[in-house]
Each structure stands twice: as C-alpha cells, then as structure tokens.
Amino acid sequence: MLKKFMAGAAALLVLGMANAAPKYYSFEWKGFNSYSTNPWTGETSGGWNPLSTIKGYFKGEDLDGDNVIRQDEIERFGLYYGSTYRPDELIGCPDTGPGVGGLTSCSLSGFSYVKGGALAFTASGEWSSGGDVYSYVSWSMPNGGFSRSSNDVCCGSSWKDPTPETRFTITAAVPEPTTWAMLAAGLLVSGAVARRRATRS
C-alpha cells in the first residue's frame, strides 16, 4: 500500500513540475483595417482585411503565482515579420549595425499576460536587408501596429487598426522535451511499482 501511495505521489509531483515549468505560448490577432501609403503619390488605400495578422510567441512562467506573466517572468519573445514569417527575438536582440542584414535593433516594454485572458505589450524592431534598406515595425497591442520601409530612394508606410471583428487567440504549446522526459520517468517508476506489486500478489 505504501509503495502504491509513493508511486502515485511521484507521478503527481512530476505532473506538477510539468505544469509549473516555463511554457511557450503562441498568440495571434487576426482581422484588421489595414492601410498603406503610396510612397510616390502619398495616397492612402486599404480597408478591412480578415486575413491580416499580428502574431508571435513568448516563453514564460508565472513565478509569483499571481496569475499574470509579466516582462520579468519571460525568457523569450518573438514576432513574425515579413513574407517569410520568420520569428525574430526581441529580447536581447543582436545589434548587427548598419549595412548588415537582419534585426538591427529592438525594444519590448509593458508586457503583461493574464493567464487565460488578455495579452498586452509594446514592441518595436528594425530590420535591414543590407545597405540602406530598412524596415521598421512598431506594435502596441492590442491597439494595432505600424510599419515603415525605406531605402536610398524613398519610403513607404502601412498600419493595422483593430476593429470589433478582430479576433485574439493564444495557445500554450506542448511542454519542452526535458519536461516530457521527467513525466515519462515518473510514469515508468509508477508502472514498475505497480507491476512488482501485481507479481507478488
């Protein structure tokens, strides 16, 4: 009986560790009024676009148990940018400097996620594709985003404004491999104890 109790307690402990471990979250706002300005004429065009998205991910843990994950409780944060939807880390991003391709500068502030509820943050990033070609993006979610592209000839800008039809979703990803390994080890111990008990009966 004691072994059965200990096996059950071990399994519960492992499950608790898995639940408390930092998790990856994927988030997305979908459906915006999307506008852009023609760099040559200055004319603005656009409107409602149900497929327009702002999305990304973060890895964090509610360390103080207040049901809110704040900026000092996250390890990673990234936003998908560009046609390739490549995530770019906005925490400790490398300053690659002018004339070098990739993320050249970034900032993240005001991050807050109420577990099971709202996500809010202010973030910005600047990308360079080499030379004097830059793309700057700023998000103040859930209020929308702004982007500006420039090169040695001209520039263009676009922005996304949320509407009542804008939909927000957030999903906690599966645990990391190390967490699964701990869980599997606990279940194996539990199964071995159960088999041993059955053999002795």
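The figures here come from the full heavy-atom set of this structure, side chains too, leaving out hydrogens, waters and symmetry mates.
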Geometric class of the F111/F58 ring pair [parallel <30°, tilted 30-60°, perpendicular >60°]: perpendicular
Value rounded to 0.5 Å, distance of CD1 in I54 from OH in Y80: 14.5 Å
Partner of Y25 under ring pair (Phe, Tyr, Trp, His ring centres under 6.0 Å), chosen from Y57, F77, Y113: Y113
Side-chain touch W139/V137, heavy atoms, less than 4.5 angstrom: yes
Interatomic spacing from NZ in K160 to OG in S147 - rounded to 0.5 Å: 7.5 Å
Chi angles and distances behind the side chain to side chain contact (heavy atoms under 4.5 Å, CB included) call for N49, N33: CA-CA 6 Å; N49 182 348; N33 282 332; over 6 Å; no
Partner of P142 under side chain to side chain contact (heavy atoms under 4.5 Å, CB included), chosen from F121, W29, F168: W29
Side-chain heavy-atom pair K30, S52 within 4.5 angstrom cut-off: no
Main-chain N/O of E43 paired with T41 side-chain donor or acceptor, under 3.5 Å: yes
Value rounded to 0.5 Å, distance of CG in L119 from CD1 in I170: 5.0 Å
Side-chain touch P39/C155, heavy atoms, less than 4.5 angstrom: no
Residue pair Q71 / G110: nearest heavy atoms and the distance that separates them: OE1-N, 3.5 Å
Test item: T163 and W48 side chains (from C-beta on) under 4.5 Å apart, heavy atoms: yes
Non-hydrogen atoms of L79 and A123 that approach each other most closely: CD1-CB, 4.1 Å
Heavy-atom closest contact (S124 atom, Y136 atom, distance): CB-OH, 3.6 Å
Co-members of the apolar cluster containing V68 [side chain, <4.5 Å]: V114
Minimal non-hydrogen separation, P162 against N143, with atom names: CD-O, 3.0 Å
CD-CG distance between E73 and D62, expressed to the nearest 0.5 angstrom: 5.5 Å
Value rounded to 0.5 Å, distance of NZ in K59 from NZ in K23: 13.0 Å
CA sep, side-chain torsions, deciding dist, call: W159, T44, side chain to side chain contact (heavy atoms under 4.5 Å, CB included): CA-CA 11 Å; W159 59 96; T44 298; 3.8 Å; yes
Interatomic spacing from OG1 in T166 to CZ in F32 - rounded to 0.5 Å: 5.0 Å
T122 vs L108 side-chain heavy atoms within contact, under 4.5 Å: no
